[in-house]
Number of protein chains: 2
Amino acid sequence: MKGKQNTKDIILQTATRLFQRQGYNGTGLNQIIEESGAPKGSIYYHFPNGKEEIAIEAISMMRKLVLEGAEKDLSGKSSAAEAFEYYLDNVAAIFDARECIDGLSIGLIASETAFTHERLRYSCEMVFKDFQTLYAGILMQYGFKRESAEEIGITIAAMIEGACILSITYQNGSPIRRIAKQLSLLLTMNQE
Amino acid sequence: MKGKQNTKDIILQTATRLFQRQGYNGTGLNQIIEESGAPKGSIYYHFPNGKEEIAIEAISMMRKLVLEGAEKDLSGKSSAAEAFEYYLDNVAAIFDARECIDGLSIGLIASETAFTHERLRYSCEMVFKDFQTLYAGILMQYGFKRESAEEIGITIAAMIEGACILSITYQNGSPIRRIAKQLSLLLTMNQE
DNA sequence: GTCTATAGTGCGATAGAC
DNA sequence: GTCTATCGCACTATAGAC
């Protein structure tokens, strides 16, 4: 029963896409309803706490998508440098190919809500920490020491987040490809 | 006559601060008027094209502040690594000390408006390119070759932008300090 | 240059029928 | 679970007095 799409999931998927493109403040509940084609009256049935609840679940969905994708791309390569090169090449392709950036970059929501919606800020903080942990874990798999891996994990998270913003602004994936090269270099040298 | 603050400047300074904290969509004209204490009727006199015009000038103000600060911090050091360490240490201090992040990070406005307000997106793209150019120029001053400097310039821009998002989300400057260390390493190795 | 008043729209949220 | 109607509010923007 995996293909089954209930109303709640449809709302959530549309909301996730819109939040990433337009941000939390730029996306209205009306627009979510219209574009999802979901029944208009159902939104407060599925999300009793309104917009903020939708956003929290949307963040959780982005987290799941990114972590799964990253974990898959980063595994089974012959070095950390090669793993992240492969991963970032896939990320760059997303920015080139689609206007849709499903599952990428929660930086927009994070910076919008950091000063104004504590619960959303906290959700984003947890996701960023998950990213760092994932990257650090991958690095340790490729032989990095824990301390070094954690230090570089946060650097990778920052680089990728920043490169996504540049790519969104430039409307193509080239910034991601450029940082991929430098990251590869950084990983190669830290390995020694 | 430098200390003279006219109404237009007051509006612009308040708008710049609010846009950085809450984003373009999260900041209303009413709030700008209230917090600036500027005369309520004057906003469409000084900015006939409304909110978008204020934002464009605010972006231009952020650009000026960041470029001036960065140029000052990055000059006259004995190596590129040392220059960026000094610069990023100052940036990190801003996130630690103040709740106000004047002149930093246009990434929020950039990602909010990339799909929806073409003129704002374009303004942000130009600022990012200025950052890259500045960083590349600094690197060349410290002996990097042009091609390499441009490649690393975009990487630095991405790292800093991403680290600012993490710092805003975590509500302290530690992510910036962490990437500073890795950047320093990257610069040292590229130099050879 | 400044101020008031208000038009016109869209928002998030609620109540209640079905 | 769904739908309609509507409340109250905030927003951008404009018109016109001073």
Side-chain angles (χ1 to χ4, degrees), chain A residues 1 3-59 108-109 112-113 115-121 123, chain B residues 1 3-59 108-109 112-113 115-121 123:
Chain A
M1 292 307 145
K4 186 66 192 333
Q5 291 275 51
N6 59 32
T7 299
K8 184 170 179 176
D9 287 341
I10 293 172
I11 292 174
L12 210 46
Q13 277 167 25
T14 307
T16 301
R17 179 171 49 83
L18 291 174
F19 282 147
Q20 284 183 111
R21 285 174 61 90
Q22 308 171 343
Y24 181 75
N25 294 314
T27 304
L29 295 185
N30 293 342
Q31 193 187 8
I32 295 173
I33 289 304
E34 276 164 30
E35 298 207 9
S36 68
K40 213 168 188 175
S42 63
I43 203 162
Y44 278 94
Y45 173 78
H46 293 294
F47 304 93
N49 293 325
K51 192 179 181 180
E52 188 167 286
E53 184 175 353
I54 300 180
I56 288 177
E57 295 209 27
I59 291 169
L108 169 51
I109 299 177
E112 261 185 311
T113 60
F115 296 101
T116 51
H117 297 77
E118 173 55 22
R119 295 178 60 191
L120 293 180
R121 185 204 66 77
S123 295
Chain B
M1 290 308 150
K4 186 66 190 333
Q5 291 275 51
N6 59 31
T7 299
K8 185 171 180 177
D9 286 340
I10 293 172
I11 292 174
L12 210 46
Q13 276 168 25
T14 307
T16 301
R17 179 171 49 84
L18 291 174
F19 281 146
Q20 283 184 111
R21 287 174 60 92
Q22 309 171 342
Y24 181 75
N25 293 315
T27 303
L29 296 184
N30 293 341
Q31 193 186 7
I32 295 174
I33 288 304
E34 275 165 30
E35 298 207 8
S36 68
K40 212 167 187 177
S42 64
I43 202 162
Y44 278 93
Y45 172 79
H46 293 294
F47 303 93
N49 293 325
K51 191 179 181 180
E52 189 167 284
E53 184 175 353
I54 299 180
I56 288 177
E57 295 208 28
I59 291 169
L108 169 51
I109 298 177
E112 261 185 311
T113 60
F115 296 101
T116 52
H117 297 77
E118 174 55 23
R119 295 178 60 193
L120 294 180
R121 184 204 66 77
S123 295

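Below, chain A is the first sequence line, B the second, and so on; all start at residue 1.
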Item to check | ring-ring contact (aromatic ring centres under 6.0 Å, His included) partners of residues 24-46 of chain A, not counting sequence neighbours, each pair once | outcome: A:F19-A:Y24, A:Y24-A:H117
Checklist entry - Does a nitrogen or oxygen in the side chain of A:T7 sit under 4.0 Å from OP1 or OP2 of D:dT2? => result yes
Next on the checklist: Between the side chains of A:K8 and A:E57, is the shortest nitrogen-to-carboxylate-oxygen separation below 4.0 Å, so that they form an ion pair?
Outcome noted: yes
Next on the checklist: Holding to salt bridge (charged side-chain N to carboxylate O under 4.0 Å, His left out), I want the full list of residues that pass it with B:E53, two or more places apart in sequence or in another chain.
Outcome noted: none
Item to check | Nearest atoms (heavy-atom pairs only) where B:S42 meets B:P39 | outcome: OG-O, 2.7 Å
Item to check | Polar contact flag, side-chain donor to acceptor under 3.5 angstrom, A:E35-A:T14 | outcome: no
Checklist entry - Does any residue of residues 24-51 of chain B have a heavy atom under 4.0 Å from DNA chain C, and if so, which ones, in number order? => result B:P39, B:K40, B:G41, B:S42, B:Y45, B:H46
